Asks: 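A single structure is presented below for examination.
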Amino acid sequence: MTPLKQSFQVRASVIVVIDTNIWKQHLFLRSPLAAALQLYLSEKDYFLGLPKIVEDEIRKHLQTEILNLKKSIIVQHDRLLSIFMEMPEVVLPNDDEIKDIVSEFFADSGFYFKRMPMDLKIARGAIDRVVNRAAPSQDGKVQDSLIWESCLRWLESDNVTLVSNDKAFFTDKNINDSLYLETKPKKFDLTLVSRIEDILDSISDPIVCPRDDFLSAVYSQFGQSLDDLVSSAEAQITECTKLNLKYFASETHNLVYITGSALFDCVTANVDEPAGSAFIELECGWNIQSKEFSQFQLKKMEYYFQDNFGKQTKSVSVFSAGTAVIGHRNVNRKFRYALPEH
């Protein structure tokens, strides 16, 4: 990580600008790591900056990659067919479907964008850098300078974090000296990092679901089962004494996947009789924008107590539903990426 200041600072009003190579490296920001970034930016109401040059390059590279992947699959399927002689047909997106995906790609990304059109001032500034071989166009390429000119424009109104591993922006591991001097007169600050991980590693206030909201949702979903479990031993649940939650980015925008467990104290009518504890383990989704819970899945529910025969455990049976599909089926992408913890 190579910021202008000592570390990445979480500030009000931040635009994160990611260069084209990083977009491609992270599956056009569809990787699990990029999903974690999307959650973080969305939760903070931060923006992803989109210079016109980056937007145009992404559309071009995305279409090219899709067409190349499609061609490769067809070739490999034909090779297998020559061996097996008979195989199921491979269903691939047609040209219209590819065109739709590319045209709607940014709208479906889950990020909040701030676009920067390529006006005459930005274009002229970039061309001057190319002509003079000035950073970040020491190699004569204009793309980096168009990104840099866009960042300078944003610095008039917002803090900017630029994510790029292009050596044109760096001197050793720090920002290029001349580029640094250009940011000094600006009203807001620019931070330069070389990886998306540098942003996530520096988060000082991770995404956290409020304790009471989580317990309320759990009891709304499983409260009756918990009550039935402990009442069979003539006990009642009083309070949660231990809560353990882990958070994960998922394939769904703005949805945090939570794995959690909770331990509850219990009481009985007989104060001299140990009442034991109730335990529940589960998974669910939590939307960081709507604050709604969904996709509850019970993993374990138990009641621990002690009677004349020693320590006892009562459990609720947990069943997993299965599905059967006739013929071809659609496969949905799923992943879990652990988010930074306290």
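Owing to the predicted nature of the structure, the values given are computational and were not obtained by experimental measurement.
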Asks: Between the main-chain N or O of Phe264 and the side-chain N or O of Thr241, is there a donor-acceptor pair closer than 3.5 Å?
Replies: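 Not a single qualifying donor-acceptor pair exists.
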Asks: When hydrophobic residues are tied together by side-chain contacts of less than 4.5 Å, even through go-betweens, does Trp23 share a cluster with Phe47?
Replies: yes
Asks: Please indicate whether Lys141 has more than 12 foreign heavy atoms, meaning atoms of other residues, nucleotides or ligands, lying under 6.0 Å from its NZ.
Replies: no
Asks: Could Arg336 and Tyr257 be counted as a cation-pi pair, given that NZ or CZ must be under 6.0 Å from the ring centre and within 45° of the axis?
Replies: yes
Asks: Looking at residues at least two apart in the chain, or sitting in another chain, which of them share a ring-ring contact (aromatic ring centres under 6.0 Å, His included) with Phe113?
Replies: Phe106
Asks: Could you pull out the closest heavy-atom pair between Ile22 and Ser164, with the gap in Å?
Replies: CG1-CA, 4.3 Å
Asks: Distance only, no hydrogens: is a donor on one side chain within 3.5 Å (strictly under) of an acceptor on the other, for Asp227 and Tyr219?
Replies: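 A donor-acceptor contact under 3.5 Å links the two side chains.
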Asks: Can you name the one residue among Glu57, Gln63, His61, Glu55 that meets side-chain hydrogen bond (donor to acceptor under 3.5 Å, both in side chains) with Arg59?
Replies: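 Of the listed options, the one satisfying the test is Glu55.
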Asks: Between Ser150 (side chain only) and Leu146 (backbone N and O only), is there a donor and an acceptor less than 3.5 Å apart?
Replies: yes
Asks: Assess whether atom CD of Glu234 is packed by more than 12 heavy atoms of other residues, nucleotides or ligands within 6.0 Å.
Replies: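 Count not over threshold, so no.
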Asks: Is Val91 linked to Ile73 within one hydrophobic cluster, defined over Ile, Leu, Val, Met, Phe, Trp and Tyr using a side-chain heavy-atom separation of less than 4.5 Å?
Replies: no
Asks: In Å, rounded to the nearest 0.5 Å, how long is the span from CG of Asp198 to OG1 of Thr161?
Replies: 10.5 Å
Asks: Dump the intermediate steps for salt bridge (charged side-chain N to carboxylate O under 4.0 Å, His left out) on Asp128 and Arg124, then the final yes or no.
Replies: CA-CA 6 Å; Asp128 286 345; Arg124 183 176 294 162; over 6 Å; no
Asks: Are the charged groups of Lys60 and Asp56 less than 4.0 angstrom apart, N to O?
Replies: no
Asks: Using the ring-ring contact (aromatic ring centres under 6.0 Å, His included) criterion, which residues pair with Trp154? Sequence neighbours excluded.
Replies: none
Asks: Decide yes or no on salt bridge (charged side-chain N to carboxylate O under 4.0 Å, His left out) for Asp144 and Arg129, but give the supporting numbers first.
Replies: CA-CA 10 Å; Asp144 288 335; Arg129 293 175 188 275; over 6 Å; no
Asks: With no hydrogens and no angle check, just 3.5 Å: does a side-chain donor-acceptor pair link Gln25 and Asn21?
Replies: no
Asks: Could you report the tightest heavy-atom contact between Phe170 and Asp172, atom names first, then the distance?
Replies: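 That would be CB-O, 3.7 Å.
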Asks: Does a side chain donor of either Gln38 or Asn254 reach within less than 3.5 Å of an acceptor in the other side chain?
Replies: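 The criterion, which ignores hydrogens and geometry beyond distance, is satisfied for Asn254 and Gln38.
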Asks: Could you walk me through whether Glu156 and Lys186 satisfy the salt bridge (charged side-chain N to carboxylate O under 4.0 Å, His left out) test, starting with their C-alpha distance in whole Å, then the side-chain angles of each, then the deciding distance to 0.1 Å, before giving a yes or no?
Replies: CA-CA 6 Å; Glu156 300 296 336; Lys186 300 298 181 181; 2.7 Å; yes
Asks: Using a 3.5 Å distance criterion without hydrogens, assess whether the side chain of Ser31 forms a donor-acceptor pair with backbone atoms of Ala34.
Replies: yes
Asks: Is a side-chain N or O of Ser42 found less than 3.5 angstrom from the main chain of Leu39, in a donor-acceptor match?
Replies: no
Asks: With Phe28, which residues qualify under ring-ring contact (aromatic ring centres under 6.0 Å, His included), at least two apart?
Replies: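 Applying ring-ring contact (aromatic ring centres under 6.0 Å, His included) to Phe28 gives none.
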Asks: Would you check if Ile175 and Leu190 make a side-chain contact, meaning some heavy-atom pair closer than 4.5 Å?
Replies: yes
Asks: Does CG belonging to Leu69 count more than 12 external heavy atoms closer than 6.0 Å?
Replies: yes
Asks: When you check the side-chain N and O atoms of Ser178 and Asn176, is any donor under 3.5 Å from an acceptor?
Replies: yes
Asks: Answer yes or no: is there a donor N or O on one side and an acceptor on the other, between the side chain of Gln236 and the main chain of Thr268, under 3.5 Å?
Replies: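 Judged by distance alone, no pair lies under 3.5 Å.
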Asks: Got a donor-acceptor contact below 3.5 angstrom from the Ser103 side chain to the Lys99 backbone?
Replies: yes
Asks: Checking Lys114 side chain against Ile15 main chain: does a donor-acceptor pair fall under 3.5 Å?
Replies: no
Asks: Tell me the closest heavy-atom pair linking Leu243 and Ala262, and the distance in Å.
Replies: CD1-CB, 3.9 Å
Asks: If two hydrophobic side chains count as joined below 4.5 Å and joins carry through other members, does Val142 share a cluster with Leu50?
Replies: yes
Asks: To the nearest 0.5 Å, what is the distance between OH (Tyr303) and CD1 (Ile237)?
Replies: 9.0 Å
Asks: Sub-3.5 Å donor-acceptor pair from the side chain of Asp95 to the main-chain atoms of Ile98, do we have one?
Replies: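 Pair absent, no side-chain N/O of Asp95 close to backbone of Ile98.
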Asks: Tell me, yes or no, whether the heavy-atom count around Lys71 atom NZ, taken from other residues, nucleotides or ligands under 6.0 Å, exceeds 12.
Replies: no
Asks: Can you tell if the side chain of Val160 reaches within under 4.5 Å of the side chain of Thr191, non-hydrogen atoms only?
Replies: no
Asks: Applying salt bridge (charged side-chain N to carboxylate O under 4.0 Å, His left out) to Arg153 and Asp119, what does each step give before you reach the verdict?
Replies: CA-CA 11 Å; Arg153 179 76 60 81; Asp119 61 21; 2.9 Å; yes
Asks: Met301 versus Leu229: any side-chain heavy-atom pair under 4.5 Å?
Replies: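 SC-SC contact between Met301 and Leu229 confirmed.
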Asks: Is Val14 close to Lys44 at the side-chain level, that is, under 4.5 Å between some pair of heavy atoms?
Replies: no
Asks: Checking the side chain of Ser220 only, and the main-chain atoms of Ser216 only, is there a donor and an acceptor separated by less than 3.5 Å?
Replies: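 Answer holds: no.
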Asks: Between atom CD1 of Ile53 and atom CG of Asp19, what is the distance when rounded to the nearest 0.5 Å?
Replies: 11.5 Å
Asks: Tell me whether Phe335 is reachable from Phe248 by hopping between hydrophobic residues (I, L, V, M, F, W, Y) whose side-chain heavy atoms are closer than 4.5 Å.
Replies: no
Asks: What heavy-atom pair brings Asn287 and Ser290 nearest, and what distance separates the two atoms?
Replies: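 Nearest pair, atom of Asn287 first, then Ser290: OD1-N, 2.9 Å.
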Asks: Compare all side-chain heavy atoms of Leu226 with those of Gln221 and state whether any distance is below 4.5 angstrom.
Replies: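 A side-chain contact is absent here, since even the closest heavy-atom pair is not under 4.5 Å.
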Asks: Could you go through Ile58 and Phe105, starting from their C-alpha distance and side-chain angles, then the distance that decides it, and tell me whether this counts as side chain to side chain contact (heavy atoms under 4.5 Å, CB included)?
Replies: CA-CA 10 Å; Ile58 292 303; Phe105 181 76; 4.3 Å; yes
Asks: Are Phe222 and Gln224 close enough that some pair of their side-chain heavy atoms sits under 4.5 Å apart?
Replies: no
Asks: Any side-chain heavy atom of Cys266 sitting closer than 4.5 Å to one from Thr238?
Replies: no
Asks: Could you grab the distance from atom CG of Asp189 to atom CG of Asn159, nearest 0.5 Å is fine?
Replies: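 Reported to 0.5 Å precision, the distance equals 5.5 Å.
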Asks: Side chain to side chain contact (heavy atoms under 4.5 Å, CB included) between Glu283 and Ile258: does it pass, once the steps are laid out?
Replies: CA-CA 6 Å; Glu283 299 175 354; Ile258 300 175; over 6 Å; no
Asks: Any non-hydrogen side-chain atom of Tyr40 less than 4.5 Å from a side-chain atom of Ile199?
Replies: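 They are in contact (side-chain heavy atoms under 4.5 Å apart), so the answer is yes.
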Asks: Between the main-chain N or O of Ala35 and the side-chain N or O of His253, is there a donor-acceptor pair closer than 3.5 Å?
Replies: no
Asks: Do Val54 and Met118 land in one hydrophobic cluster if side-chain heavy atoms of ILVMFWY residues count as linked below 4.5 Å?
Replies: yes
Asks: Looking only at heavy atoms, which two atoms of Ala36 and Leu200 are closest? And how far apart?
Replies: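 Heavy atoms only, the tightest pair is CB-CD1, 3.9 Å.
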Asks: As an exercise, state the distance from CG of Leu339 to CD1 of Ile203, rounded to the nearest 0.5 Å.
Replies: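 CD1 of Ile203 is found 8.0 Å from CG of Leu339.
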Asks: Do Trp148 and Glu182 have side-chain N/O donor and acceptor atoms under 3.5 Å apart?
Replies: yes
Asks: Working to the nearest 0.5 Å, report the span between CZ of Phe214 and SG of Cys209.
Replies: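 Atom-to-atom, Phe214:CZ and Cys209:SG are 7.0 Å apart.
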